[in-house]
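Side chains are part of it too, since the values below use all heavy atoms of this structure and drop only hydrogens, waters and symmetry mates. Residue numbers begin at 1 in each chain, while the letters A, B, ... track the order of the sequences.
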Amino acid sequence: MSGTFGKGHHLHLIDGSAFIFRAYHALPPLTRKSDGLPIGAVAGFCNMLQRYVEGNTGPDAPTHVAVIFDKGSHTFRNDMYDKYKANREAMPEDLRPQIPLTRTATEAFNIACKEKQGYEADDIIATLAVQARAAGGRCTIISSDKDLMQLVGGGVEMLDAMKNKSIDRDGVFEKFGVFPDRVVDVQALAGDSVDNVPGAPGIGIKTAALLINEYGDLDTLLERAGEIKQPKRRQTLIDHADQIRLSRDLVQLDENTPLDFTLDDLEVRDPDAEQLLGFLAEMEFRTLSKRVAEVLGKEAPTIADAPVPADAPAAADVPFDADLYEHVSDTEALQAWIERIYEFGYVAVDTETTGLDDMVAQLVGVSLCVEPGKACYIPLIHKARGSDDLFGSDDLAEGQIPLEEALRLLTPMLQDPAILKIGQNMKYDSKIFGQLGINVAPIDDTMLLSYAMHAGLHGHGMDTLSERYQSHTPIPIKPLLGSGKSAITFDKVPLADAVKYAAEDADITLRLWQLFKPQLHRVEVTKVYETLERPLVPVLAAMERSGVKVDRDTLSRMSNAFAQKMAGLEDEIYQLAGRKFNVGSPKQLGEILFDEMALEGGKKGKTGAYATGADVLEDLATEHDLPARVLDWRQLSKLKSTYTDALQDHINPDTGRVHTSYSIAGASTGRLASTDPNLQNIPIRSEEGRRIREAFVAEPGKVLVALDYSQIELRILAHIANIPELKQAFQDGIDIHALTASEMFGVPLDEMTSDVRRQAKAINFGVIYGISGFGLARNLRIPRAEAQGFIDRYFERFPGIRTYMNDTKAFAKEHGFVQTLFGRKIHTPEISAKGPRAGFAQRAAINAPIQGTAADVIRRAMIRMPDAIKGMPATMLLQVHDELLFEVEKGAEDALIDAARHVMENAADPVVKLDVKLTVDAGIGSNWAEAH
DNA sequence: GACATCACG
DNA sequence: GACGTACGTGATGTCC
């Protein structure tokens, strides 16, 4: 049938996004065999289209059809209400590159494929449905989206393709309690949590329908709201009238979307066999190709097992060949690369810079890779090697695109939400780009993929991963840069060498991604990666960039004071020893103490030297003055060298602040680690050390706020091991160590002595660490038998703890890993080892779920924090395992504490329901010592 | 670069 | 019965 659309015509409108999401969730994360491209959603999408086409026979078959897609995340509704769809979860990364392919698939089926920037698919569907109805034809909307139900009636109906159930006016009434013309009114009142449409608080669909049916329509209802009998309902409608009207505007579909095509353009067309089969072959869909070929009466295309051309071996076997890497030296070549990136939807990116400190390093060049073996390097500011090299030539080497020009071309791609940027340790690269005002997003990180899957098995640096998973040793950087005084920066590396080294990194990264990404699902750590690793990258990058202000004068004064005291102590020590020696040398000290002075208790370690650790010296201190002086000296030496001196060198000259770097994949348990400098071990336990925190200050007009979880690991233990007494104590806010002591020793809480409490505290911590009689004895300095007696009594009183320990060990032995409550896996490869290593592994296995769950909790809090404090004059600066430090303008500290505490205390929700509440203590001060 | 020591949670 | 032992980190200084 042809001619102008009208009576007798039947239009089908397919909700493309619904198809895609159904396909994505219905199928496992399939990848294309030849190159690992994620392809599951496209496969499902094509299957659904094929089943749809096959089902379209008989008198009711459509004469016109189109698949309608959403385009762009920002629509006119966002202008009306900035929170519209604000709580939508981000699109999964392996789905993103598949979106353009679903368009291609639709076209391959020769079905019209329509979308419009700034409009939702629903609006286009509404517009077309209304046009079809006006022309006297029929329209079937293939979707189950309730937002589309307002369109039903007068020849328009909906079809749920999965359930093969059509929905007419009566069906809509069943769902909403009103007919289609009043659906919008009901939705306006009921709201929609999925799309974040506010509606009227406390009113659901049932109540909404009741009200609308009683008053006729929404406007009448709102006008006459005062007549409603139920006081609460009446007040809600009066108070929220504006919000309800806004909600109606949000759910009302735009039936006048400007379109550059007509219904007649949507006429059903037969598929072009060659085009369709070609596409399916390209996607490597074997079964579907066969079926489609059969239906079309054609020969199925052959899809080889190694479908790449004969001159290029299968992806997994592409050898590394640094000679094949491309040196991109002009804009045409760069443009070509960017076009290729857009074809693929993803790219492996690596930056080369002048140094390891991303706060000061300058971008030197960028490497890219989209297919194994095919990578390029774009040098940007490499220096020429001239005769005046000695004096440091500033001339740029030949064969480079001007920096600004290259960035102008690269930036849109780097920021394009449709292009996935893959890196190894992307925090570094995104900070480098961030310096230049480029926000790299979205990202994937091979280091974090490995961490999510392999924590505890091995490190996650690129060299380790490449050797382990590609049997390839990356080109080492050392020979290029040299070492020591003669070391050069990467911009001085000759271009030919630079291309090989830099491009290879991108090549390796891409291959690792293609290997790891599909495994993520199989190992069941997608959630861990997507919710605990990937989103943390920008949060940490921001914290690192913020840094914390450290007052140099304070540190410097303390350094001098420490130096004086140390000199005094050294004199005393030499006197007591009878001669001069290097106090900082444990070896020399041991000889003095145990050989020359012949003190008791000298024990040699495995290297043959006497042990002179603090515990040894403390024991000796009762017999002699020298060990006590050495202990004092050591404390000062530590404070001076590690803190008051070293910290000054870490003050960034541009910002006047100290910028640590967090390793996300360092600790196997999920904890972060802080380096260069380590700001997670700033002294606090000793009074003298604690004063170092006075040098960590807020800017004038601001204060520091510290929030820390109270006893988070013991709370998690109480939950995981299911100890009713401990859970109750936490719920009641009782001192947990006193409670433990009371339970164990039968001392009533109000008669508790500090010594008994101290012992119980040591036991509580011991449990978290995988307690042993020996360890507890040493910690409490009591006989081993007595310590063992404590432990026995503890297990007797809290038998759940022993069960937890035994179950955890058994789980680790069976599976080779243990898990946190959030699903993070920590591998325990040595759990079945022989000898002392087994003991280590067992205790680590017992500790990991507890420490790791606590780490997961604060990660979740950190990830949610930027949104929670948005608009406040506050910055999150540091994380110290169970503490977050903020800098906030004076006057806003209470608001910040409220918001941040709420996020922290509820960070486990909604994934894990803890039996024990989490509580957070807060402190405010002009410096970190005061704030804590 | 290994080892001992000690700062933190 | 002996062996070894609290869990997780990073930075520093000595010594080879």
Side-chain angles (χ1 to χ4, degrees), chain A residues 455-456 581-590 604-617 630-631 633-647 649-650 660-663 666-686 688-690 692-693 708-714 717 762-780 784 787 791 805 808 818 826 828 833-852 854-855 858 878-883 932:
Chain A
F581 70 101
N582 186 344
V583 185
S585 164
K587 185 165 170 271
Q588 294 179 34
L589 176 67
K604 293 190 175 177
K606 51 188 157 193
T607 51
Y610 290 111
T612 67
D615 48 347
V616 177
L617 297 190
V630 172
L631 280 171
W633 183 91
R634 279 200 184 154
Q635 189 193 15
L636 295 173
S637 165
K638 180 80 173 182
L639 295 178
K640 183 172 186 296
S641 68
T642 310
Y643 300 103
T644 56
D645 287 350
L647 226 36
D649 300 334
H650 281 287
T660 185
S661 176
Y662 289 101
S663 346
S668 61
T669 52
R671 271 196 179 179
L672 299 178
S674 160
T675 63
D676 308 301
N678 181 355
L679 295 186
Q680 290 182 320
N681 70 345
I682 303 303
I684 191 166
R685 291 175 187 168
S686 77
E688 225 157 8
R690 186 191 177 91
I692 289 172
R693 295 190 173 218
D708 65 288
Y709 284 107
S710 164
Q711 308 286 12
I712 186 168
E713 293 194 352
L714 279 173
L717 173 71
I763 298 168
N764 275 334
F765 279 106
V767 165
I768 291 176
Y769 299 150
I771 201 159
S772 78
F774 184 92
L776 184 64
R778 205 176 57 169
N779 188 287
L780 286 176
R784 192 173 159 178
I791 294 170
M805 290 180 151
T808 305
V818 291
I826 299 111
T828 56
K834 290 272 168 278
R837 282 144 53 128
F840 272 117
Q842 285 174 14
R843 291 191 297 273
I846 288 164
N847 173 260
I850 303 168
Q851 188 182 115
I858 197 166
L878 299 178
Q879 188 251 42
V880 192
H881 309 308
D882 63 356
E883 169 187 355
H932 202 279

key: Salt bridge flag under 4.0 Å for residues A:E713 and A:R671   =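 Yes.
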ask   = Under 3.5 Å, side chain of A:S674 to main-chain N/O of A:P677, donor-acceptor pair present?
value = yes
Expected output: side-chain A:S661 to main-chain A:T675 donor-acceptor under 3.5 Å =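 Not a single qualifying donor-acceptor pair exists.
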Rounded to the nearest Å, what distance is computed from the [atom1] atom of residue [X] to the [atom2] atom of nucleotide [N]?
X      : N      : atom1 : atom2 : answer
A:R693 : B:dA7  : CZ    : P     : 13 Å
A:K834 : C:dC3  : NZ    : P     : 18 Å
A:L589 : C:dC15 : CG    : P     : 11 Å
A:I692 : B:dC6  : CD1   : C1'   : 13 Å
A:L639 : B:dC8  : CG    : C1'   : 12 Å
A:L636 : B:dC6  : CG    : P     : 13 Å

Pick base, sugar-phosphate or nothing for [X], based on heavy-atom distances below 4.0 Å to the nucleic acid.
X      : answer
A:I684 : sugar-phosphate
A:R784 : base
A:Q588 : sugar-phosphate
A:A614 : sugar-phosphate
A:A611 : sugar-phosphate

key: Any N/O donor-acceptor pair, A:R837 side-chain to C:dT5 base, under 3.5 Å   =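 Flag unset: no donor-acceptor pair detected.
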ask   = Any side-chain heavy-atom pair from A:T828 and A:Q842 closer than 4.5 angstrom?
value =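 SC-SC contact between A:T828 and A:Q842 ruled out.
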Check: A:S686 and A:Q635 side chains under 4.5 Å, non-hydrogen atoms =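 Yes; the side chains approach each other to less than 4.5 Å.
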Rounded to whole angstrom, note down the [atom1] distance from [N] over to [M].
N     : M     : atom1 : result
C:dA2 : B:dA7 : P     : 36 Å
C:dA6 : B:dT5 : P     : 13 Å
B:dA4 : C:dT5 : P     : 11 Å

ask   = If the sugar-phosphate is the primed atoms plus P, OP1 and OP2 and the base is the rest, what is the B/S/- string for nucleotides 6-13 of chain C, using protein heavy atoms under 4.0 Å?
value = BBBSBBSS
inquiry  = I need the minimum non-hydrogen distance between A:Y662 and A:L878, along with the two atoms involved.
reply    =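 Between these two residues, the closest heavy atoms are OH-CA, 3.3 Å.
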query = Should A:L647 and A:L679 be marked as a side chain to side chain contact (heavy atoms under 4.5 Å, CB included) after you check the CA-CA gap, both sets of side-chain angles, and the distance that decides it?
reply = CA-CA 9 Å; A:L647 226 36; A:L679 295 186; 4.1 Å; yes
request  = Using distance alone, with no hydrogens and no angle criterion, decide if A:R778 and A:S772 have a side-chain donor and acceptor under 3.5 Å apart.
outcome  = no
Pair A:H881-A:Q851, side-chain donor/acceptor within less than 3.5 Å = no
ask   = Between C:dC15 and A:S585, is there an OP1 or OP2 to side-chain N/O distance shorter than 4.0 Å?
value = yes
inquiry  = Please determine whether a side-chain nitrogen or oxygen atom of A:R685 lies at a distance below 4.0 Å from atom OP1 or OP2 of B:dG9.
reply    =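 For A:R685, the contact criterion (side-chain N or O under 4.0 Å from OP1 or OP2 of B:dG9) is met.
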request  = Please tell me which of the listed nucleotides, B:dC8, B:dT5, C:dC16, lies nearest to the side chain of A:K587?
outcome  = C:dC16
key: DNA chain C base-pair string [pairs: Watson-Crick or G-U under 3.5 Å; |: paired with another strand]   = ......|||||||||.
ask   = Could you go step by step and tell me if A:F765 and A:L776 meet the side chain to side chain contact (heavy atoms under 4.5 Å, CB included) rule?
value = CA-CA 10 Å; A:F765 279 106; A:L776 184 64; over 6 Å; no
